[in-house]
Amino acid sequence: MFDVETITADHKDVIHDVVFDYYGRRMATCSSDQTVMIWDEDAQGKWSVTSSWKAHSGSIWRVSWAHPEFGQVVATCSFDRTASVWEEVIGEKVSTTNTPTRRWVRRTTLVDSRTSVTDVEFAPKYLGLLLATASADGIIRIYEAPDIMNLSQWPVQHEIANKLPLSCLSWNTSTYMVTQLLAAGSDDSATPTGKVFLFAYSDNARKCVKIDTVNDITDPVTDVAFAPNAGRTFHMLAVASKDLYIVNLRGVTDSTGTTKLDIQTVKFSDHNCPVWRVCWNMLATMLISTGDDGCVRLWRMNYNKQWRCAAVLKAEGGGPTYEPAPHTPTLAATASATAKYYKKGTIGNQVPWH
């Protein structure tokens, strides 16, 4: 069962991104009103704004939390062609009864892009403090903080040029098959080609290169999200486009011993409209998608390993509605249908009484 709680935000314009931190106890929102808000959950489960500031001079598209091992750090990207890194600083107590004051300080501004920076995301912790940005000029830039105690220095480690403008990106959190696997999507509508691109670090070239394209998705892409790897031998990528897609990526070895990606794409048209955002839970057992229909759909895998919509949460009017579950045969019915009986012996009248 799912409970829906409405949170009234003080943003003055469209909210473009809502992201929870690693523990799910803090939340960051960004908006076209050029502000970022940090929300904290109290002991009663209520959310309240603890920090709010003007972060850019244009619409803020995305916000990303760094791993808590590196402190309370967020990154933002904006239409003003920049990305910024912010760190929370705790001040001194005003009195013995007051809590320490908290404020967010801009540590650096990344100004390499000549167009709108459409997405920003911190890399998985095992890669260190890396930050990737995607721009409308079709370039992915990967920055690294060489000193986690000094977040003012973020030199560019890799620049990956792409022919199409980019709208979103996602880091893969697993080390299986390839390292530093990165997916990016394009919202270009003029070119009828694949709109999802896969990048990885090449030891031979000593840089990140494009390794494949998902050619089945030719509509503009608004969001991509790799699923956390919970022991699988393949990767799952959710894609928000005209429809919802789940892409399975498996490594196959050809006759020459070269490992390539086997890409399988499954499409879901339940939204009947463009899909805007996709998100996985921590174990990748549930996928959440939102679309122009004003609904949040929750997807789960059934016993046949097929993804099905399990619940629909509407923005207004009532709680969630649950999709009817397909008929699943009971254990007794399955056993009776598949059981076989064999004659093992005969009980005669000569059995003595005890």
Side-chain angles (χ1 to χ4, degrees), residues 17-30 36 38 51 53 55-56 60-78 81-90 102-113 117-135 139-160 166 168-176 178-184 198-203 205-209 224-229 235 279-280 282:
D17 204 10
V18 180
V19 182
F20 288 93
D21 72 342
Y22 181 82
Y23 298 107
R25 300 300 302 272
R26 310 191 80 183
M27 181 172 64
T29 60
C30 62
V36 174
I38 304 296
S51 297
W53 70 95
H56 292 272
I60 305 175
W61 304 129
R62 297 292 183 103
V63 59
S64 176
W65 288 89
H67 191 276
E69 180 180 289
F70 306 112
Q72 295 298 303
V73 180
V74 298
T76 56
C77 64
S78 171
R81 303 178 295 180
T82 67
S84 296
V85 177
W86 309 82
E87 184 178 18
E88 187 179 41
V89 177
I90 300 178
R102 297 171 178 264
R103 61 190 180 94
W104 289 81
V105 178
R106 189 199 305 265
R107 292 306 188 190
T108 189
T109 301
L110 308 174
V111 296
D112 299 283
S113 176
V117 182
T118 53
D119 202 355
V120 61
E121 185 172 319
F122 283 102
K125 185 190 71 171
Y126 76 91
L127 292 175
L129 193 53
L130 297 182
L131 181 67
T133 64
S135 303
I139 299 179
I140 295 177
R141 295 175 175 88
I142 299 178
Y143 302 86
E144 182 178 11
D147 182 6
I148 63 174
M149 302 303 294
N150 179 17
L151 298 184
S152 61
Q153 303 296 323
W154 289 83
V156 178
Q157 298 298 313
H158 305 285
E159 280 195 1
I160 313 170
L166 299 177
C168 51
L169 57 83
S170 175
W171 286 95
N172 183 22
T173 59
S174 172
T175 59
Y176 168 72
V178 290
T179 58
Q180 296 191 28
L181 183 60
L182 189 69
L198 301 172
F199 306 91
Y201 182 78
S202 172
D203 292 328
R206 294 187 178 180
K207 64 179 181 179
C208 289
V209 296
V224 291
F226 268 111
N229 194 310
H235 302 299
C279 180
W280 298 89
M282 292 186 64

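Throughout, numbering of the chain's residues begins at 1 and tracks the sequence. Worth knowing before you read on, the calculation uses all heavy atoms, side chains too, and leaves out hydrogens, waters and symmetry mates.
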### Query
Okay, side chain of W65, backbone of Y22: is any donor-acceptor separation there less than 3.5 Å?
no
### Query
Checking R106 side chain against A55 main chain: does a donor-acceptor pair fall under 3.5 Å?
yes
### Query
If only atom types and distance count, is the side chain of E121 paired as donor or acceptor with the main-chain N or O of W171 below 3.5 Å?
yes
### Task
Take L151 and T108, measure what side chain to side chain contact (heavy atoms under 4.5 Å, CB included) needs, and give me the verdict at the end.
CA-CA 7 Å; L151 298 184; T108 189; over 6 Å; no
### Query
Checking T82 side chain against T109 main chain: does a donor-acceptor pair fall under 3.5 Å?
no
### Message
With heavy-atom distances below 4.5 Å as the criterion, would you say the side chains of F122 and F70 are in contact?
### Response
no
### Task
Measure the shortest side-chain to side-chain distance between W104 and V74 over non-hydrogen atoms and say whether it is less than 4.5 angstrom.
yes
### Query
Looking at P68 and Y23, what are the two nearest heavy atoms and their distance?
CG-CE1, 3.7 Å
### Task
Indicate yes or no: at least one non-hydrogen side-chain atom of F20 is less than 4.5 angstrom from one of R25.
no
### Summary
Value for CH2 (W86) from CD1 (I38), rounded to nearest 0.5 Å, stands at 10.5 Å
#### Entry: Donor-acceptor under 3.5 Å (D119 side chain, L169 main chain)
yes
### Query
Step by step, would you call C208 with I142 a side chain to side chain contact (heavy atoms under 4.5 Å, CB included)?
CA-CA 9 Å; C208 289; I142 299 178; 4.0 Å; yes
## Note on the structure
d(R141 CZ, L110 CG) to nearest 0.5 Å is 10.0 Å
### Message
Quick one, L130 and E144 - any side-chain contact, counting heavy atoms below 4.5 Å?
### Response
yes
### Query
Once you round to the nearest 0.5 Å, how far does OG of S51 lie from CZ of R102?
8.0 Å
### Task
Look at atom CZ of R26 and say whether more than 12 heavy atoms of other residues, nucleotides or ligands are closer to it than 6.0 Å.
yes
### Query
About how many Å separate NE2 of H158 and CD of Q180, when rounded to the nearest 0.5 Å?
5.5 Å
### Query
Under 3.5 Å, is there a donor-acceptor pair between the S152 and N150 side chains?
yes
### Message
Please give me the minimum heavy-atom distance between H56 and S84, naming the atom from each residue.
### Response
CE1-OG, 3.4 Å
### Query
Is any side-chain heavy atom of R62 less than 4.5 Å from a side-chain heavy atom of C77?
yes
### Summary
Of all heavy-atom pairs linking A227 and T173, the shortest is O-OG1, 4.4 Å
### Task
Would you check, one step at a time, whether the test side chain to side chain contact (heavy atoms under 4.5 Å, CB included) holds for D17 with W61?
CA-CA 7 Å; D17 204 10; W61 304 129; over 6 Å; no
### Message
Please report the interatomic distance CG(D147) to CD(Q153), rounded to the nearest 0.5 Å.
### Response
9.0 Å
## Note on the structure
Closest heavy-atom pair, A75 versus L131, reported as atoms and distance to 0.1 Å, is CB-CD1, 3.8 Å
### Side-chain (S170) to main-chain (F226) donor-acceptor, under 3.5 angstrom
yes
### Task
Using modelled atom types only, decide if a donor and an acceptor are shared between the side chain of T118 and the backbone of L166 within a distance under 3.5 Å.
yes
### Query
Going through the checks in order, is the side chain to side chain contact (heavy atoms under 4.5 Å, CB included) test met by W154 and L129?
CA-CA 10 Å; W154 289 83; L129 193 53; 3.6 Å; yes
### Approximate separation, where rounding is to 0.5 Å, of I140 CD1 and F199 CZ
4.0 Å
